[in-house]
Amino acid sequence: MLDYVGLEGDLDREERMIRDTARRFVDEQVRPDIGEHFEAGTFPTDLIPEMGDLGFYAPNLDGYGLPNVSETAYGLLMQELEACDSGLRSMASVQGALVMYPIHAFGSEAQKERWLPDLGTGEAVGCFGLTEPEHGSNPSAMETHAERDGDEYVLNGSKTWITNSPIADIAVVWARDRSATEDDDEAPVRGFLVETDRDGVTTNEIKEKLSLRVSITGEISLQDVRVPESNVLPNVEGMKGPLSCLTQARYGIAWGAVGAARDCFETAREYASDREQFGGPIARFQLQQEKLAEMATEITTSQLLAHRLAELKERGELRPQHVSMAKRNNVRMARDQSRIAREILGGNGITTDYPPMRHMANMETVYTYEGTHDVHTLILGEDLTGIAAYE
């Protein structure tokens, strides 16, 4: 696999094992049928427990049966999963970074003991409810709210574009707590653990997608849903809660996008070497070599950025703005390079027999979710100038 500047030569034994385990799992269990799943708009749900057995859910967390591997190892896992399909990485990323992480970071001991072991093994599936139909890039304007009633909270509102929601057992829902005030500008944002089998919860699937078709995506509708006070995440209040979760997930995306681009490159390089036109392989033509050289360069620079993020994360020096730069750059890179790979494959590239066009379609979603490309641009702009362009 493409590793032009030998970054993987510095991996330790555990990191190599995790990389190889994920790559073997993908090659043997997922890749043979991924094109069919993409066409059908389905996810191989039978593999969810096996992914848990292999430790693919939040392996960088500690305790509660979780492996506590390095941040590099976690990144490599996301890279290998997305090299197969963004939907596969999304499932694991949401389960780990957006569901298990907030429970681990902000939950009570009882919440951690109840949910983290089951989520870690894949016995339970979780989802993360932040985005709303009218509030995407500005989640702080959320309308979903909770009101206290005795020792319970009553939740009302709706969330959309929620990965895993139709198959989830538990939803981490972010809502305005109106218990003290009905003014949403004053009501604090809090996290609620909402079991999806509670009365008033519906999780309809969104099926009309042209991108990320392997991911199971849906809505969360909350109509007078009652949850006990013990279901509130006790150790966080305000937008810090959901935004810190998104930082964890975006870190995985920055690695995952490299995997998708690398898969496109390897496919294009092999095809160009095997495909013969005008008396020889098309890889001998300068135009094709220029495309491959540019792809390799762009992927390598994105790999360097991802590995640097892992170093900063291990040292506790990673800032959300660092992750914004990597998510913005690496996803744009994968989006562009998947298109170039499709060009090299010619007409054959539009079929599900080859992955570049599937990756290209998926990147349209990844380019938008977890903060759009434009929003991450403004985050960086504010960090560099001290001026918030979106206010």
Side-chain angles (χ1 to χ4, degrees), residues 1-3 7-8 10-31 34 43-44 47-62 64-101 104 116 119-122 125-126 163-164 214-215 245 247-263 266 299 302-314 318 323 326-327 330-331 334 359 362 366 370:
M1 297 295 175
L2 181 68
D3 180 28
L7 288 167
E8 296 194 354
D10 294 331
L11 301 181
D12 63 28
R13 181 179 179 184
E14 182 178 61
E15 290 163 351
R16 291 175 184 273
M17 180 188 69
I18 290 170
R19 177 201 63 190
D20 294 343
T21 298
R23 190 175 294 174
R24 184 167 53 250
F25 166 77
V26 162
D27 287 344
E28 295 177 358
Q29 302 294 322
V30 193
R31 198 182 297 277
I34 198 67
F43 184 89
L47 296 179
I48 291 175
E50 185 171 352
M51 292 170 68
D53 290 342
L54 292 171
F56 288 176
Y57 306 131
N60 54 339
L61 300 182
D62 63 340
Y64 310 95
L66 304 174
N68 191 27
V69 303
S70 74
E71 298 297 347
T72 298
Y74 175 74
L76 290 166
L77 170 62
M78 296 296 106
Q79 177 179 270
E80 296 303 324
L81 294 180
E82 194 143 5
C84 179
D85 192 87
S86 298
L88 191 66
R89 194 268 310 146
S90 286
M91 190 278 154
S93 180
V94 167
Q95 181 93 336
L98 295 182
V99 179
M100 295 173 68
Y101 169 78
H104 190 274
L116 290 179
L119 289 165
T121 61
V125 174
T163 298
N164 296 347
V214 174
S215 176
C245 299
T247 296
Q248 301 298 317
R250 290 163 179 165
Y251 171 81
I253 290 172
W255 279 88
V258 172
R262 190 198 66 199
D263 189 54
E266 297 295 351
I299 293 168
S302 295
Q303 286 174 327
L304 286 163
L305 186 52
H307 277 264
R308 177 58 176 166
L309 254 60
E311 294 173 358
L312 292 172
K313 203 168 190 291
E314 289 285 0
L318 184 67
V323 181
K327 194 272 184 182
N330 291 9
V331 174
H359 285 306
N362 286 338
V366 183
E370 307 275 358

Heavy atoms only: give me the nearest Gln95-Val99 pair and the separation to one decimal.
O-CB, 3.5 Å
If you round to the nearest 0.5 Å, how far is CG of Leu312 from OH of Tyr251?
9.5 Å
Closest non-hydrogen atom pair between Ala326 and Leu305, with its separation:
CA-CD2, 3.6 Å
Gln303 side-chain N/O to Leu2 backbone N/O, donor-acceptor pair under 3.5 Å:
yes
Residue pair Ser70 / Glu15: nearest heavy atoms and the distance that separates them
OG-OE2, 2.7 Å
Separation between CG (Asp263) and CD (Gln79), nearest 0.5 Å, reads 11.0 Å
Carefully, step by step, assess Asp62 and His104 under the rule side-chain hydrogen bond (donor to acceptor under 3.5 Å, both in side chains).
CA-CA 9 Å; Asp62 63 340; His104 190 274; 3.3 Å; yes
When rounded to the nearest 0.5 Å, the distance separating CZ of Arg24 from CG of Asp20 is 6.5 Å
For residues Glu370 and Arg250, report the shortest heavy-atom separation together with the two atoms involved.
O-NE, 2.6 Å
Please step through side-chain contact (heavy atoms from CB on, under 4.5 Å) for the pair Arg308 and Glu311, ending with a clear verdict.
CA-CA 5 Å; Arg308 177 58 176 166; Glu311 294 173 358; 3.0 Å; yes
Which atom pair, heavy atoms only, marks the closest approach of Ala254 to Asn330?
O-ND2, 2.9 Å
Measure from the side-chain N and O atoms of Lys327 to the backbone N and O of Val366, and report whether any donor-acceptor pair falls under 3.5 Å.
yes
Given Ile253 and Glu82, is the side-chain contact (heavy atoms from CB on, under 4.5 Å) satisfied, shown in steps?
CA-CA 9 Å; Ile253 290 172; Glu82 194 143 5; 5.5 Å; no
Calculate, to the nearest 0.5 Å, the distance between atoms CG and CE belonging to Leu76 and Met17 respectively.
12.0 Å
Indicate whether the side chain of Asp85 and that of His359 have a donor and an acceptor atom separated by less than 3.5 Å.
no
Does the side chain of Val30 come within less than 4.5 Å of Leu88's, by heavy atoms?
yes
What's the spacing between Ser93 OG and Leu77 CG if we round to 0.5 Å?
10.0 Å
Under the side-chain contact (heavy atoms from CB on, under 4.5 Å) criterion, do Val214 and Ile34 qualify, and how do the steps go?
CA-CA 8 Å; Val214 174; Ile34 198 67; 4.0 Å; yes
Matching residue for Arg19 among Glu80, Glu14, Glu8 - test: salt bridge (charged side-chain N to carboxylate O under 4.0 Å, His left out):
Glu8
Stepwise side-chain contact (heavy atoms from CB on, under 4.5 Å) check, Leu98 with Gln248
CA-CA 8 Å; Leu98 295 182; Gln248 301 298 317; over 6 Å; no
Can you give me the closest heavy-atom contact between Arg262 and Ala83, atom names plus distance?
NH2-CB, 3.6 Å
CG/Leu309 to CH2/Trp255 distance, rounded to the nearest 0.5 angstrom?
9.0 Å
Please list every donor-acceptor pair under 3.5 Å in which a side-chain atom of residues 47-60 meets a protein atom from a residue at least two apart or in another chain.
unit_1, atom_1, unit_2, atom_2, d
Tyr57, OH, Ile48, O, 2.9
Asn60, ND2, Glu71, OE1, 3.0

